Amino acid sequence: MSLATTYSPTDVEAKWYQRWQEQGFFKAKPNPRKKPYTVVIPPPNVTGVLHMGHMLNNTIQDVLVRRARMQGKEACWVPGTDHASIATEAKVVALLKEQGISKTDLTREQFLAHAFEWKDKYGGIILEQLKQLGASCDWDRTRFTMEPDLTEAVLRVFVDLYNKGLIYRGVRMVNWDPEGRTAISDEEVIAKDVQAKMYYLKYAVVGQEGQFLTVATSRPETIMADVAVAVNPNDPRYAHLTGAKVRIPLLGREIPVIFDEYVSMDFGTGALKVTPAHDLNDYELGVKHNLPVIDILADNGTLNEKAVLYVGQDRFAARKQIAKDLQEAGLLEKVEEYASIVQTSERTKAVIEPKLSLQWFMNMEQMAKPALDVVENDTVKLHPPKFKNMYRAWMENVRDWCISRQLWWGQQIPAYYLPDGTFVVALTAEDALHKAREQSGNAELQASDLRQDEDVLDTWFSSWLWPISVFDGFKDPDNADINYFYPTNDLVTGPDILFFWVARMIMAGLEYRQEVPFKNVYLTGIVRDAQGRKMSKQLGNSPDPLDLIAQYGADGVRTGMLFSAPAGNDLLYDVKLVEQGRNFSNKLWNAFRLVKGWEADASLPFVNEKAVTWFNAKLQAAIVEMDDHFEKFRMSDALMTIYKLVWDDFCAQYLEMVKPAYQHPIDAETLRHTTAYLETLLKLLHPFMPFITEELWHELAERGPRDYVTVAPWPRASAPANAAETLANMDKALAIVAGIRAVRNQKNLGPNKPLTLVAKTDEPALVTDYEGIIRKLGSISEVSFAEAGPAASVSFVLGGSEFFIPLEGHIDMAAERARLEKELEYAQGFRDSVQKKLGNEKFAQNAKPEVLEKERQKLADAEAKIAALEQALKGL
RNA sequence: GGGGGAUUAGCUCAGCUGGUUCAGAGCAUCUGCCUUACAAGCAGAGGGUCACUGGUUCGAACCCAGUAUCCCCCA
């Protein structure tokens with residue numbers, strides 16, 4: 001047999017992924033004999049390519065799904081993509097621009113044709129990439145948020161919520177993205193710290209020549225939209241301005257001075273210019289004081305003709321220019337630097353303009369309440385739970401959701417305008433005509449008389465229906481799939497979309513299924529580089545996931561990502577992690593090579609009973625521990641448990657214990673147990689490392705046509721008799737081995753130089769029962785017992801026993817004495833502290849009996865050890 | 001400005017109900033080994049004032065108060 005000493009994943013991975021698909025292992029259908037286990041993928045943008053965040057997120061989902069599948073559940077992982085309205089439209093617009101085509105030259109239909117063409121070409125890439133990671137999605141269920149069925153779901157919900165009065169149309173202050181030329185929701189706005197300038201402008205007081213009111217503003221270009229200057233009524237500096245008017249600098253228009261306690265006296269000069277069209281707070285102030293609104297900004301962020309000055313200039317250019325002009329006019333008192341915040345668009349990064357605009361909104365208050373309750377009472381559990389607080393804060397302060405977008409790529413709003421300016425909301429154009437005729441009383445109204453709203457809906461207005469719509473729960477609310485697979489079990493996503501998406505899915509679930517959409521939400525962290533910086537194209541600090549898979553294997557990458565990724569914590573990615581993952585694959589591969597190479601000889605006696613029962617106890621304990629970790633969504637801990645079991649207990653200890661001498665056969669019983677253990681380990685590892693485990697599963701034995709580790713039953717923990725004793729005894733035996741090895745290292749003896757061991761102990765069985773193991777792992781040629789150690793020997797003490805290794809010519813008596821004395825000193829110190837504790841009356845009164853018993857045991861152990869050490873010193 | 005979280009070994013993090021020789025794990029580091037499964041490996045070792053200051057308790061990494069620093073969310 002010739003197996004390479006290193007595992008090479010490349011061919012193996014492609015082969016098994018294909019076989020799994022051929023076998024249909026990932027397909028799920030309602031099965032009353034099985035429990036459903038459902039996960040819906042957070043649909044990546046169609047524009048997307050796989051990045052490290054997807055790798056982490058989808059690895060976690062796949063681990064959960066694969067384990068559930070092995071547990072005998074009907075595991076259903078629904079994949080799909082999101083049409084990502086604004087992001088995709090921006091991408092298509094940019095692409096067309098490269099081809100010399102401007103969006104404005106196209107009709108809506110032409111543009112959408114281009115966009116769909118683009119989507120068909122690139123939209124599936126990310127899903128193909130997920131296959132390389134090993135994602136066990138049911139690909140037959142792949143959905144797209146803009147496909148006909150899902151679009152229909154969106155429209156139905158819109159119509160329904162409109163009819164319930166939860167969706168309304170109105171003029172409100174919205175976040176305007178001048179780059180995307182669309183309104184966006186509050187959640188799509190990102191606040192950024194910037195170093196800004198504060199301009200101090202002089203407003204001349206009307207009728208009092210030479211008197212000025214100085215106003216501090218960061219946006220001097222908006223003075224043309226000013227309708228008042230506000231000061232605090234309690235501010236003595238401005239009391240004399242009651243009823244006064246001031247003149248806008250440069251422009252000369254007169255505006256009133258108003259008094260309102262809203263104005264902070266400490267900020268700037270205590271005088272605030274009021275610009276209702278371009279600031280939310282100013283808008284509210286304007287409404288309160290009944291002031292007009294002057295909107296001087298065009299949709300693209302340039303100044304419009306209402307500005308009078310700087311018309312056509314971009315807002316930032318105008319700011320520079322007006323500062324200069326004010327300076328020249330002597331109306332700029334000073335400019336100061338100050339730390340400020342600007343609101344930017346999540347998608348286009350453009351600086352947001354607050355803008356008064358006619359949009360569609362959804363009332364959130366009514367839906368938020370039940371969605372908050374289910375999280376508060378743990379019907380939906382957040383992992384880690386610290387996110388509950390954030391969730392509560394958001395839900396209690398939720399504002400209405402602006403759902404219309406001035407874009408083409410997305411679901412067009414099903415509102416139809418009549419010639420008289422009124423509108424109807426209907427699922428289809430025919431319905432709309434029907435309603436329009438009814439509403440207007442004009443039976444002659446034709447379809448061509450109606451004009452559908454130009455806007456599309458926010459992308460999240462389709463995503464929030466995802467757990468229901470992927471099972472066609474709107475079109476056909478009582479179908480077998482939705483009844484079986486909904487509610488889903490676990491959702492894995494990032495905390496950045498807790499409000500965008502998670503909260504709203506809960507609302508939709510409660511509204512349309514009267515049931516939460518999932519029971520657990522696992523919130524991943526952000527993948528950062530080793531220095532803690534976010535991964536970004538600009539920094540070039542993000543590895544290409546597909547390169548990583550090619551280099552380290554999908555299994556290596558998956559385990560690498562999970563080694564250091566507790567829920568909710570950011571993952572500091574370092575190539576060392578995937579190296580560790582790859583090394584682990586290799587370790588497993590070599591363990592397999594060893595076992596595979598063994599020849600069984602049925603005539604040999606079963607000599608490894610101690611090792612076999614010990615490893616079984618270890619294995620069972622590890623299964624219990626893993627199940628517990630999984631229960632608590634501690635994925636990296638579950639991985640670490642199996643990692644240590646495989647590497648330390650199975651490879652470093654167990655295999656070394658049972659390994660026959662080179663080119664010698666092994667007894668059949670041991671081989672049988674060992675192979676069974678290896679199979680169990682493969683099962684436990686499979687969710688983390690699907691490819692190598694499948695490969696080894698098939699290499700290890702002849703398998704039937706449907707016998708794959710992918711569908712093998714998840715191991716059930718059993719409780720072996722006397723497990724605790726088995727483990728404790730082996731620990732003691734291994735401590736002897738460790739003692740021997742430490743002596744080898746100290747004395748610089750090679751690992752193979754045969755040594756002899758002399759034991760002085762009250763528990764000789766601990767040595768005789770494990771003598772084979774001690775000999776093998778310690779390279780000991782002979783074990784004997786004595787009342788005192790040979791003169792020229794190194795000794796070590798374990799519990800109350802003393803062990804000697806005769807080493808003629810290697811002994812430094814002074815060093816030996818010093819070492820033993822140090823150990824003795826520590827043991828005595830420990831004994832004293834325990835004695836003191838036990839001597840404390842209050843402790844004796846208050847401590848629980850178990851604790852007291854343990855302390856007494858500690859004292860006894862310490863005294864035995866001290867006695868042994870004293871003996872050893874005497875013997876020197 | 002409001003709210004939340006964190007601070008434990010060089011790094012990333014566990015530490016559950018206050019009590020086990022409780023101060024841990026992985027990685028990294030150091031020393032020695034190419035020992036017939038694996039140098040992507042083996043054996044061994046070192047390394048911490050549990051942020052700081054008080055308090056509660058027989059007993060505190062853990063509970064309480066305050067301080068400092070960092071992170072996140074919201075405004």
Side-chain angles (χ1 to χ4, degrees), chain A residues 3-7 186-187 191 264 280-281 341 343 384-394 396-397 495-496 498-499 525-526 530-532 552 556 563-566 568-574 576-577 579-598 628-629 632 634 636-637 639-641 643-644 647 651-652 655-656 659 661-663 737-753 777-779 826-827 830-831 833-834 836-848 850-855 857-858 861-862 865:
Chain A
L3 286 167
T5 57
T6 51
Y7 168 66
D186 295 332
E187 291 70 42
S264 157
L280 180 59
N281 295 317
I341 291 162
Q343 307 292 338
K386 66 177 178 184
F387 286 106
K388 235 171 145 171
N389 290 323
M390 253 173 73
Y391 183 86
R392 183 188 312 114
W394 190 76
E396 284 175 349
N397 297 295
D496 49 332
L498 188 57
F499 311 133
I526 298 168
Q531 282 107 58
Y552 298 96
F563 274 131
S564 172
N569 277 31
D570 288 355
L571 169 87
L572 298 195
Y573 170 80
D574 192 311
K576 279 175 188 156
L577 290 171
E579 276 172 10
Q580 193 186 346
R582 177 206 50 189
N583 294 354
F584 186 42
S585 302
N586 206 44
K587 187 72 190 175
L588 187 64
W589 171 253
N590 277 292
F592 156 74
R593 276 179 68 220
L594 177 67
V595 174
K596 181 78 179 171
W598 286 343
D628 182 53
H629 286 316
K632 294 170 181 154
R634 299 178 174 192
S636 36
D637 292 317
L639 172 60
M640 194 46 72
T641 301
Y643 177 84
K644 286 198 281 192
W647 202 306
C651 294
L655 289 180
E656 294 297 333
K659 185 159 94 177
Y662 183 55
Q663 289 189 330
V737 171
I740 297 163
R741 287 170 170 173
V743 170
R744 281 185 191 279
N745 265 285
Q746 273 165 34
K747 300 297 170 194
N748 235 326
L749 308 165
N752 286 331
K753 180 186 166 69
L777 300 199
S779 286
Y826 177 84
F830 178 72
R831 176 198 56 192
S833 78
V834 177
K836 206 170 155 191
K837 197 187 241 187
L838 282 167
N840 182 328
E841 261 181 51
K842 285 190 175 168
F843 173 73
Q845 281 165 15
N846 295 323
K848 282 178 280 187
E850 312 89 88
V851 175
L852 265 172
E853 185 46 46
K854 273 175 192 162
E855 291 298 322
Q857 186 60 48
K858 277 199 239 173
D861 290 350
K865 176 149 195 173

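In what follows, chains are A, B, ... by sequence order, proteins preceding strands, each numbered from 1. What you see is a predicted model, and the numbers here were worked out from it, not measured in a lab.
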J.: For A:Val595, enumerate each residue passing the side chain to side chain contact (heavy atoms under 4.5 Å, CB included) test, keeping only those at least two apart in sequence or located in another chain.
T.: A:Trp598, A:Leu655, A:Leu671, A:Thr674, A:Thr675, A:Leu678
J.: If we take the C1' atom in both B:rG24 and B:rA61, what is their distance in whole Å?
T.: 12 Å
J.: With respect to the side chain of A:Thr6, which nucleotide from B:rC58, B:rA37, B:rA40 is positioned closest?
T.: B:rA40
J.: On a whole-Å scale, what distance lies between the C1' atoms belonging to B:rG32 and B:rC13?
T.: 30 Å
J.: Look at the side chain of A:Lys587 and the base of B:rC38, then say whether one donor and one acceptor between them are separated by less than 3.5 Å.
T.: yes
J.: Can you tell me, in whole Å, how much space there is between the C1' of B:rC62 and that of B:rG2?
T.: 29 Å
J.: Under 4.0 Å, counting only non-hydrogen atoms across every strand here, what does A:Lys659 touch: a base, just sugar-phosphate, or nothing?
T.: base
J.: Check every strand shown and say whether A:Glu396 touches a base, only sugar-phosphate, or nothing at a heavy-atom separation below 4.0 Å.
T.: nothing
J.: Which letter, B, S or -, goes with each nucleotide of nucleotides 68-75 of chain B from 5' to 3', with contact meaning a protein heavy atom under 4.0 Å?
T.: -----S-B
J.: Taking the C1' atom of each, how far is B:rU17 from B:rG3, in whole Å?
T.: 29 Å
J.: Does any N or O in the side chain of A:Asn586 come within less than 3.5 Å of the main-chain N or O of A:Tyr7, such that one atom is a donor and the other an acceptor?
T.: yes
J.: Do A:Arg831 and A:Lys865 come close enough that some side-chain heavy atom pair is under 4.5 Å?
T.: no
J.: Pick base, sugar-phosphate or nothing for A:Asn389, based on heavy-atom distances below 4.0 Å to the nucleic acid.
T.: sugar-phosphate
J.: Any donor-acceptor pair, under 3.5 Å, between the side chain of A:Gln580 and the base of B:rA28, if you only look at N and O atoms?
T.: no
J.: Under the side chain to side chain donor-acceptor pair (under 3.5 Å) rule, what do A:Asn583 and A:Glu579 come out as? Steps first, then yes or no, please.
T.: CA-CA 6 Å; A:Asn583 294 354; A:Glu579 276 172 10; 5.9 Å; no
J.: Are the side chain of A:Ser779 and the backbone N or O of A:Pro751 linked by a donor-acceptor pair below 3.5 Å?
T.: yes
J.: Hey, is A:Asp628 close enough to A:Lys632 for a salt bridge, meaning N to O under 4.0 Å?
T.: yes
J.: Between which residue ranges does RNA chain B form stems of three or more consecutive Watson-Crick or G-U wobble pairs, both distances under 3.5 Å?
T.: B:1-7 with B:68-74, B:10-13 with B:24-27, B:29-33 with B:41-45, B:51-55 with B:63-67
J.: What nitrogen or oxygen pairs link the protein and nucleotides 43-46 of chain B at under 3.5 Å?
T.:
| residue | atom | partner | partner atom | Å |
| --- | --- | --- | --- | --- |
| B:rA43 | O2' | A:Asn745 | ND2 | 3.1 |
| B:rG44 | O4' | A:Asn745 | ND2 | 3.0 |

J.: Looking only at atom C1', what distance separates B:rG18 and B:rG1, rounded to whole Å?
T.: 37 Å
J.: Looking at A:Trp598, I'd like to know whether one of its side-chain N or O atoms comes within less than 4.0 Å of OP1 or OP2 on B:rU36.
T.: no
J.: Provide the distance between the two P atoms, one in B:rC73 and one in B:rU56, to the nearest whole Å.
T.: 40 Å
J.: Name the nucleic acid region contacted by A:Ala393, choosing base, sugar-phosphate or nothing; use a 4.0 angstrom heavy-atom cut-off, strictly under.
T.: nothing
J.: For B:rG44 versus B:rU49, give the span between their C1' atoms, rounded off to a whole number of Å.
T.: 28 Å
J.: Partners of A:Lys576 by salt bridge (charged side-chain N to carboxylate O under 4.0 Å, His left out), sequence neighbours excluded?
T.: none
J.: Can you name the side-chain hydrogen bond (donor to acceptor under 3.5 Å, both in side chains) partners of A:Asp574, sequence neighbours left out?
T.: none
J.: For A:Arg741 and A:Leu777, indicate whether the former's side chain and the latter's backbone hold a donor-acceptor pair under 3.5 Å.
T.: yes
J.: When we call it a touch if two heavy atoms are under 4.0 Å apart, what does A:Arg744 touch: a base, just sugar-phosphate, or nothing?
T.: nothing
J.: What's the gap between B:rA60 and B:rG55 when it is taken at their P atoms, as a whole Å value?
T.: 12 Å
J.: A:Glu855 or A:Pro751: which one's nearest nucleotide on RNA chain B is closer to the 5' end?
T.: A:Glu855
J.: For a quick check of understanding: with a heavy-atom distance under 4.0 Å over all strands, which category does A:Phe563 fall into, base, sugar-phosphate or nothing?
T.: nothing
